[in-house]
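Throughout, protein chains are lettered first and strands after them, A, B, ... in sequence-line order, and every chain is numbered starting at 1. Note: hydrogens, waters and symmetry copies are ignored here, and every other heavy atom, side chains too, is used.
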Amino acid sequence: MPELPEVETVCRGLEKLIIGKKISSIEIRYPKMIKTDLEEFQRELPSQIIESMGRRGKYLLFYLTDKVLISHLRMEGKYFYYPDQGPERKHAHVFFHFEDGGTLVYEDVRKFGTMELLVPDLLDAYFISKKLGPEPSEQDFDLQVFQAALAKSKKPIKSHLLDQTLVAGLGNIYVDEVLWRAQVHPARPSQTLTAEEATAIHDQTIAVLGQAVEKGGSTIRTYTNAFGEDGSMQDFHQVYDKTGQECVRCGTIIEKIQLGGRGTHFCPNCQRRD
DNA sequence: CAGCACACCTGGTTGC
DNA sequence: TGCAACCAGGTGTGCT
């Protein structure tokens with residue numbers, strides 16, 4: 001599922017379902033996804049209460065009684081909440097059983113997702129170690145800092161936006177949408193961007209991710225009807241998965257290329273290389 | 001240090 | 001139809 005808007009949607013959904021619940025037991029069927037000490041994870045979680053939910057970039061945060069569970073959904077991670085035991089499912093990897101009989105299940109077909117348990121004091125250091133950039137908001141995402149970083153990089157702008165260091169939260173869908181809106185070719189070396197182009201990318205990043213959060217995220221390729229997949233942002237995509245269709249701005253046919261190993265959609269007329 | 005290919009997994013789609 | 005190759009909303013590693 002997830003780029004930032006989808007993770008935010010899951011976060012808001014879980015807030016309504018599991019806040020205040022006490023974990024009675026934990027069941028881990030795919031131990032490899034627990035990246036901190038497994039014994040500790042199994043020992044510490046039971047008896048903790050879900051105090052609140054949070055999000056930083058694409059990381060989902062469960063604030064527990066005296067720990068923080070950091071969950072990253074990677075490509076296909078999903079959470080399902082059941083007021084009872086829940087059904088048996090092939091790709092269910094972690095079960096959080098609550099004292100009231102409810103169950104939160106983490107499912108992930110590709111098993112790329114990760115979970116880590118930290119003391120809250122180490123959360124800031126954790127994100128610093130990941131070199132995670134600012135949240136895509138007016139308050140946090142500073143244009144001057146962004147422009148200065150771009151000026152020092154030869155990386156294609158799309159690859160740079162995807163690496164989470166300049167700004168947190170963009171993934172392969174929204175980065176294509178942002179660059180289309182900003183009218184910048186995805187392969188442009190970062191340092192060749194003009195101040196106007198950098199400003200447009202900055203502003204459109206905030207606008208696109210903000211709009212996507214409002215729409216509840218995007219639901220693409222109708223995967224299983226996962227919790228939180230009720231988004232409608234896909235109806236507003238202008239280039240992602242629009243290969244062969246006309247650009248709504250100029251009528252030119254949208255093209256798809258490979259860039260940094262990722263499928264990349266753009267309008268060859270609106271988004272010139274130079 | 002920067003940049004890039006590749007690894008991690010499974011399943012759906014495409015093309016011969 | 002059968003099956004191999006390729007592709008998928010992400011990130012960490014290890015190499016040049």
Side-chain angles (χ1 to χ4, degrees), chain A residues 1-10 29-36 55-60 70-79 89-94 106-116 126-127 129-133 136 149-179 186-191 205 208-209 212-213 215-224 226-244 256-265:
Chain A
M1 287 182 43
E3 294 178 43
L4 181 151
E6 291 73 33
V7 178
E8 179 64 26
T9 301
V10 171
R29 296 190 184 171
Y30 187 65
K32 265 185 81 177
M33 68 170 296
I34 312 300
K35 297 303 180 184
T36 49
R55 179 195 59 70
R56 176 78 172 88
K58 303 175 192 172
Y59 295 83
L60 183 63
I70 305 171
S71 171
H72 199 299
L73 281 44
R74 295 291 179 94
M75 299 290 265
E76 300 190 28
K78 297 173 179 67
Y79 279 98
R89 307 195 101 221
K90 189 176 178 186
H91 300 292
H93 305 314
V94 180
Y106 177 77
E107 298 192 9
D108 189 341
V109 171
R110 294 176 74 180
K111 303 179 177 171
F112 283 173
T114 60
M115 288 185 193
E116 292 161 280
Y126 175 85
F127 289 123
S129 76
K130 304 274 184 196
K131 299 187 168 60
L132 189 66
L150 291 178
K152 287 186 285 187
S153 168
K154 295 182 181 8
K155 263 192 190 177
I157 183 60
K158 171 167 175 174
S159 306
H160 209 162
L161 290 169
L162 280 179
D163 78 16
Q164 309 299 302
T165 62
L166 298 174
V167 59
L170 286 172
N172 203 42
I173 292 179
Y174 297 120
V175 74
D176 281 2
E177 297 299 323
V178 165
L179 291 173
R188 287 274 300 283
S190 298
Q191 61 185 188
T205 294
V208 168
L209 292 177
V213 167
K215 302 293 178 190
S218 301
T219 303
I220 242 58
R221 259 176 288 288
T222 52
Y223 280 118
T224 48
F227 177 89
E229 278 200 341
D230 49 352
S232 63
M233 186 60 191
Q234 64 280 1
D235 298 340
F236 299 86
H237 293 174
Q238 305 295 352
V239 282
Y240 185 82
D241 217 10
K242 303 288 184 188
T243 315
K256 182 178 181 184
I257 57 172
Q258 286 293 120
L259 206 166
R262 316 288 258 118
T264 298
H265 315 74

### Task
Carefully, step by step, assess A:Leu150 and A:Ile157 under the rule side chain to side chain contact (heavy atoms under 4.5 Å, CB included).
CA-CA 8 Å; A:Leu150 291 178; A:Ile157 183 60; 3.6 Å; yes
### Query
Yes or no on side chain to side chain contact (heavy atoms under 4.5 Å, CB included) for A:Val213 and A:Leu4, after CA distance, side-chain angles and deciding distance?
CA-CA 8 Å; A:Val213 167; A:Leu4 181 151; 4.0 Å; yes
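Take A:Lys35 and apply the side chain to side chain contact (heavy atoms under 4.5 Å, CB included) test, not counting sequence neighbours, and it matches A:Thr114, A:Glu116. With sequence neighbours excluded, the residues satisfying side chain to side chain contact (heavy atoms under 4.5 Å, CB included) with A:Ala168 are A:Arg56, A:Leu132, A:Glu135, A:Gln164. Residues that satisfy the ring-ring contact (aromatic ring centres under 6.0 Å, His included) test with A:Phe112, not counting sequence neighbours, are absent from this structure. In this structure A:Lys111 satisfies the side chain to side chain contact (heavy atoms under 4.5 Å, CB included) test together with A:Tyr30, A:His93, sequence neighbours excluded. For A:Glu8, the salt bridge (charged side-chain N to carboxylate O under 4.0 Å, His left out) partners are A:Arg12, A:Arg55, not counting sequence neighbours. Annotation: ring-ring contact (aromatic ring centres under 6.0 Å, His included) contacts of A:His72 (sequence neighbours excluded): A:Tyr59. With sequence neighbours left out, the side-chain hydrogen bond (donor to acceptor under 3.5 Å, both in side chains) criterion links A:Arg110 to no other residue.
Both key distances under 3.5 Å define a Watson-Crick or G-U pair, and stretches of 3 or more such consecutive pairs in DNA chain B run B:2-8 with C:10-16, B:10-16 with C:2-8.
Within the nucleic acid shown, A:Lys256 comes within 4.0 Å of sugar-phosphate atoms alone, with no base atom in reach, counting heavy atoms only. In this structure, A:Ser153 reaches the sugar-phosphate backbone alone: every heavy-atom distance under 4.0 Å involves primed, P, OP1 or OP2 atoms, never a base.
Screening A:Gln234, A:Met233, A:Glu6 for a side-chain contact (heavy atoms from CB on, under 4.5 Å) with A:Ile220, the sole residue that qualifies is A:Gln234.
For the pair A:Lys131 NZ and C:dT11 C1', the interatomic distance rounds to 14 Å; values are reported in whole Å. In this structure, the NZ atom of A:Lys155 is 14 Å from the P atom of B:dC1, given to the nearest Å.
Against DNA chain C, the stretch residues 160-176 of chain A makes heavy-atom approaches under 4.0 Å through A:Gln164, A:Gly171, A:Asn172, A:Ile173.
Nearest nucleotide to the side chain of A:Lys58, out of C:dG10, B:dT10, B:dC4: C:dG10.
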If you restrict it to nitrogen or oxygen atoms, what contacts under 3.5 Å exist between nucleotides 12-16 of chain C and the protein, and what is each distance?
unit_1: C:dG12; atom_1: OP1; unit_2: A:Lys130; atom_2: NZ; d: 3.1

Could you pull out the protein-nucleic contacts involving nucleotides 11-13 of chain B (nitrogen or oxygen on both sides, under 3.5 Å)?
unit_1: B:dG11; atom_1: OP1; unit_2: A:Lys90; atom_2: NZ; d: 2.8
unit_1: B:dG11; atom_1: OP1; unit_2: A:His91; atom_2: NE2; d: 3.2

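Here A:Phe112 does not count as stacked on C:dT11, because the ring centres are not under 5.5 angstrom apart with planes under 30°.
The gap from the P atom of C:dA5 to that of B:dA7 amounts to 16 Å, rounded to the nearest Å.
For the salt bridge (charged side-chain N to carboxylate O under 4.0 Å, His left out) condition, the pairs that include at least one residue of residues 156-171 of chain A, sequence neighbours left out, are A:Lys155-A:Asp163, A:Lys158-A:Asp176.
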